[in-house]
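Each chain gets a letter, A, B and so on, in the order the sequences are listed, and its residues count up from 1.
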Protein chains: 2
Amino acid sequence: MKDRAETRTLAGDAYAVIHRAIRSGLLKPGQRLRFAELQALCGMSVSPVREALVRLTAEGFTVSDDHRGFSVAPLSVAELLDIVATRKLLEGEALRLSIENGDSEWEGRLLAAHHMMSRLPRERDDLPTAIREDWDLRHADFHRILISACGSPILIELCEKLFVRADRYRRLSVSVPKQDRDVVREHERIMSCAIDRNAEEAVAALKDHYQRTADAVQRLFEMQEAL
Amino acid sequence: MKDRAETRTLAGDAYAVIHRAIRSGLLKPGQRLRFAELQALCGMSVSPVREALVRLTAEGFTVSDDHRGFSVAPLSVAELLDIVATRKLLEGEALRLSIENGDSEWEGRLLAAHHMMSRLPRERDDLPTAIREDWDLRHADFHRILISACGSPILIELCEKLFVRADRYRRLSVSVPKQDRDVVREHERIMSCAIDRNAEEAVAALKDHYQRTADAVQRLFEMQEAL
DNA sequence: GAGGATAGGATTTTCGAAAATGTCGGTGCC
DNA sequence: GGCACCGACATTTTCGAAAATCCTATCCTC
């Protein structure tokens with residue numbers, strides 16, 4: 001049961017495979033990407049692989065240097081902070097709008113999504129990959145639904161892109177030891193404020209949630225740097 | 001002196017050519033894009049053309065339907081309003097940050113950019129293309145510089161993308177007759193508030209500026225619909 | 001030895017054709 | 001008549017190799 005997904009084109013498959021390889025860390029930040037290797041990884045010719053890289057580059061997962069090839073986009077504290085600051089702005093506003101516009105069907109979906117997530121153990125290093133990926137999926141769903149009623153397709157699209165762009169950093173945060181946070185509780189608070197239509201509190205809770213993740217990852221970076 | 005720009009790859013040229021053709025209206029919203037035609041237009045083989053289309057699709061200028069080809073992204077009032085609302089949010093915040101962080105060198109660049117723009121006649125339908133394009137460039141520069149000191153590369157990147165995405169609509173607004181606006185004055189007001197470090201007023205002026213353009217285009221849409 | 005030119009190999013980029021897929025109209029069956 | 005099936009054509013997608021470009025190591029000159 002391979003994850004990569006019989007999309008309708010090989011290029012789509014290649015995109016999925018490489019995207020996953022980058023997010024999972026199989027392809028490391030900064031690593032040079034050679035066509036020969038990627039073709040072997042994806043099991044296809046150069047054209048769809050190149051197409052996938054072009055798409056990934058447009059989304060910031062890889063960088064391209066004309067005639068010199070592609071490489072995995074590097075990670076940095078600066079980018080992390082920038083992503084988080086921008087997400088606070090965008091998702092904060094999107095959540096505010098969702099609370100304004102969302103109907104009870106939205107509330108229901110939100111409750112359901114949170115329930116699905118809270119039934120699974122919180123992400124940890126030592127969990128099997130399958131469970132962690134399941135948690136990731138549900139976590140992503142929760143945040144997606146949170147802003148889904150904002151009424152602005154562009155805002156949703158931008159938030160989605162920043163969410164996946166933050167993913168590599170988020171995975172890092174999982175391996176930060178002894179964080180004094182209760183992630184389930186954080187999500188719960190966002191949700192209950194939202195359902196209470198308390199926009200200010202909900203947005204504050206969401207921003208706080210992001211900031212905590214950012215702080216954890218930043219500590220990790222600084223620890224690594226100290227080596 | 002062809003505009004399209006001996007970039008370092010043919011795909012880059014193709015991107016520039018098609019991008020320009022879409023923005024100029026040579027390729028119309030919704031129009032089906034056949035490889036044969038684009039290859040003739042760009043004077044190259046299918047591979048670089050396809051790469052250009054993939055990039056354009058990632059940026060929202062074209063849409064792709066697997067195995068059925070690409071087409072120019074359609075225009076709609078809904079998208080226009082969404083773009084404007086999102087730009088108000090993003091550029092508003094970016095401007096606020098720029099005012100907070102910008103130094104006097106930034107002020108200088110802003111003054112210069114505004115001067116460059118105001119020396120050219122305001123865009124009008126009947127002006128030669130070259131002058132209009134020159135105005136476009138300077139106008140883009142002004143807005144770019146306005147937010148350039150915000151300190152957030154991601155915010156800048158997102159604003160830039162929305163700016164070009166708004167371009168097709170902006171061109172429409174030029175052909176709206178007898179608008180009671182003074183566009184030069186509007187820019188001037190934004191700039192002077194910014195230099196006075198009056199963030200609130202500057203942001204309000206910027207948002208107002210965008211809203212006026214949106215209103216003009218929306219009227220145009222409604223007129224066309226009434227036909 | 002330093003620095004610059006250069007040949008050879010490695011890699012990306014582009015091409016032209018083959019393969020895959022979609023489209024459209026016609027044919028036969030109910 | 002309506003509808004599913006089939007086949008020819010149009011178009012996109014993918015392939016494998018050629019062309020273009022970059023990198024590296026070597027040689028030559030000073």
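- Comparing atom distances between the A:S47 side chain and each of C:dC15, C:dT11, D:dC15 picks out D:dC15 as nearest.
- Not one side-chain nitrogen or oxygen of A:R68 sits closer than 4.0 Å to the OP1 or OP2 atom of C:dT11.
- The phosphate of C:dT23 (OP1 or OP2) has no side-chain N or O of B:R34 nearer than 4.0 angstrom.
- A:E37 has its CD atom 12 Å from the C1' atom of C:dA10, to the nearest Å.
- Closest to the side chain of A:L10, out of D:dC15, C:dT21, C:dT11, is D:dC15.
- For C:dT12, one of the phosphate oxygens OP1 or OP2 lies less than 4.0 angstrom from a side-chain nitrogen or oxygen of A:R32.
- What separates CG of B:D13 from P of D:dA20 is a distance of 15 Å, to the nearest Å.
- Every residue was checked against the side chain to side chain contact (heavy atoms under 4.5 Å, CB included) condition with A:A85, not counting sequence neighbours, and none meets it.
- Across the protein-nucleic acid pair, A:F70 atom CZ and C:dA10 atom P stand 22 Å apart, rounded to whole Å.
- The nearest whole Å value for the distance from the CD atom in B:E51 to the C1' atom in D:dT12 is 17 Å.
- The aromatic rings of A:H139 and A:H143 stand perpendicular to each other, their planes meeting at an angle above 60°, with 30° marking the opposite boundary.
- The backbone N or O of B:L95 lies less than 3.5 Å from no partner atom in the side chain of B:S98, so there is not a single donor-acceptor pair.
- Test A:D82, A:L81, A:L90 against B:I154 for side chain to side chain contact (heavy atoms under 4.5 Å, CB included) and you get one pass: A:D82.
- Helical stems involving DNA chain C, defined as 3 or more consecutive Watson-Crick or G-U pairs under 3.5 Å, span C:1-30 with D:1-30.
- Rounding to whole angstrom units, CG of residue B:L33 and P of D:dT11 are separated by 13 Å.
- In this structure, CZ of A:R8 is placed 15 Å from C1' of D:dT14, rounded to the nearest angstrom.
- Residues A:L110 and A:H114 are not in side-chain contact: their nearest non-hydrogen atoms beyond the backbone lie 4.5 Å or more apart.
- In this structure, B:H67 places its NE2 atom 6 Å from P of C:dT21, rounding to the nearest Å.
- Considering only heavy atoms from C-beta on, B:T213 stays 4.5 Å or farther from B:Y169 through its side chain.
- B:F35 has its CZ atom 14 Å from the C1' atom of D:dA10, to the nearest Å.
- In the set D:dT14, C:dT14, D:dT21, D:dT14 carries the atom at the smallest distance from any side-chain atom of A:P48.
- Of the candidates D:dT21, C:dT14, D:dC15, D:dC15 carries the atom nearest the A:M44 side chain, counting heavy atoms from C-beta on.
- A cation-pi arrangement is absent between A:R55 and A:F61, since the terminal nitrogen or guanidinium carbon is not both under 6.0 Å from the aromatic centre and inside a 45° cone about the axis.
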